[in-house]
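Along the sequence shown, the residues carry numbers beginning at 1.
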Amino acid sequence: MTRLHTALVAIVIVICGLGVRALWDGPVAKYAGDALYTALIYALLVLLWPRIRPWTAGIAAAALSWMIEFAQLASIPRWLQPLLGSTFNPPDLLWYAVGAAMTAVAHAAYTWRG
């Protein structure tokens, strides 16, 4: 996957996240946002390391999302809260894993095809 493709995927993920928030409200938007947040982290990892294997990137993206979620149990500076969140929510952990797994499957399918 080229860096250009990866950058385009990251842009599409951001657009999807903004679209979900604009079109829906409540748990659907929140949990879709969680999955897309991890998908964006995944895309950024692939952008930084283009040769990273899909499952390695998936595990790393999920782990980073989980670390950020658990950091919310401590005090996150107010200026970082829009990016990192402010309230620990256990169901978010599942949706981060879903986002990482779905992105890894899509990446694996793309690399297998390509």
Side-chain angles (χ1 to χ4, degrees):
M1 182 175 272
T2 68
R3 288 184 193 255
L4 177 60
H5 287 134
T6 306
L8 291 173
V9 166
I11 290 168
V12 168
I13 291 168
V14 170
I15 291 169
C16 288
L18 294 172
V20 164
R21 291 291 187 163
L23 297 174
W24 291 285
D25 194 18
V28 170
K30 189 208 179 317
Y31 296 130
D34 290 343
L36 289 166
Y37 177 81
T38 303
L40 181 59
I41 291 172
Y42 185 105
L44 295 175
L45 289 170
V46 174
L47 192 61
L48 289 172
W49 296 287
R51 295 190 184 272
I52 193 169
R53 295 187 186 276
W55 296 109
T56 304
I59 290 168
L64 186 55
S65 296
W66 279 39
M67 287 178 6
I68 292 168
E69 187 70 23
F70 280 108
Q72 294 170 4
L73 291 170
S75 178
I76 292 181
R78 191 167 199 74
W79 62 275
L80 279 176
Q81 288 179 359
L83 179 64
L84 302 179
S86 61
T87 307
F88 179 77
N89 186 25
D92 291 351
L93 301 172
L94 168 68
W95 294 104
Y96 294 143
V98 168
M102 291 181 71
T103 315
V105 166
H107 184 194
Y110 178 86
T111 56
W112 181 75
R113 177 191 66 82

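No continuous path of ILVMFWY side-chain contacts below 4.5 Å connects V12 to L8, so the two sit in separate hydrophobic clusters. Transitive grouping of hydrophobic side chains (ILVMFWY, heavy atoms separated by less than 4.5 Å) keeps L4 and I52 in distinct clusters. Under a hydrophobic clustering in which Ile, Leu, Val, Met, Phe, Trp and Tyr are joined whenever their side-chain heavy atoms come within less than 4.5 Å, directly or via other members, M67 and I59 fall into different clusters. With hydrophobic clusters built from ILVMFWY side chains whose heavy atoms lie under 4.5 angstrom apart, V9 does not share a cluster with I15. M102 and Y37 are assigned to two separate hydrophobic clusters, defined by single-linkage of ILVMFWY side chains at heavy-atom distances under 4.5 Å.
The minimum heavy-atom distance linking I76 with L80 is given by the pair CG2-CB, 3.9 Å. Y96 and D34 make their closest contact through CD2-O, 3.4 Å (heavy atoms, listed as atom of the first residue, atom of the second, distance). The two residues S65 and T38 have their closest heavy-atom pair at OG-OG1, 2.8 Å. Closest of all the heavy-atom pairs between A32 and V20 is CB-CG1, 3.8 Å.
Here the side chains of P91 and L94 are not in contact, with every heavy-atom distance at 4.5 Å or above. Between D25 and K30 the shortest side-chain heavy-atom distance does not fall below 4.5 Å. With contacts defined as side-chain heavy-atom distances shorter than 4.5 Å, the pair P50/R3 qualifies.
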Might you work through the side chain to side chain contact (heavy atoms under 4.5 Å, CB included) test for V105 and W55, ending with a clear yes or no?
CA-CA 8 Å; V105 166; W55 296 109; 3.7 Å; yes
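The structure places SG of C16 at 13.5 Å from CZ of R21, a figure rounded to the nearest 0.5 Å. Between the CD1 atom of I68 and the CG atom of L83 there is a distance of 7.0 Å, given to the nearest 0.5 Å. We find the CD1-CG distance between I13 and L18 to be 12.0 Å, quoted to the nearest 0.5 Å. Between D92 atom CG and Q72 atom CD the span is 7.5 Å, to the nearest 0.5 Å.
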Listed pairs under 3.5 Å, donor-acceptor, residues 40-49 side chains, sequence neighbours left out:
| from | atom 1 | to | atom 2 | distance (Å) |
| --- | --- | --- | --- | --- |
| Y42 | OH | P54 | O | 3.2 |
| Y42 | OH | H107 | ND1 | 2.6 |

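Side-chain atoms of E69 never come within 3.5 Å of backbone atoms of L93 as a donor-acceptor pair (strictly under, hydrogens ignored).
Between Y31 and W95, the angle of the ring planes stays under 30°, which puts this pair in the parallel group of the 30/60° scheme.
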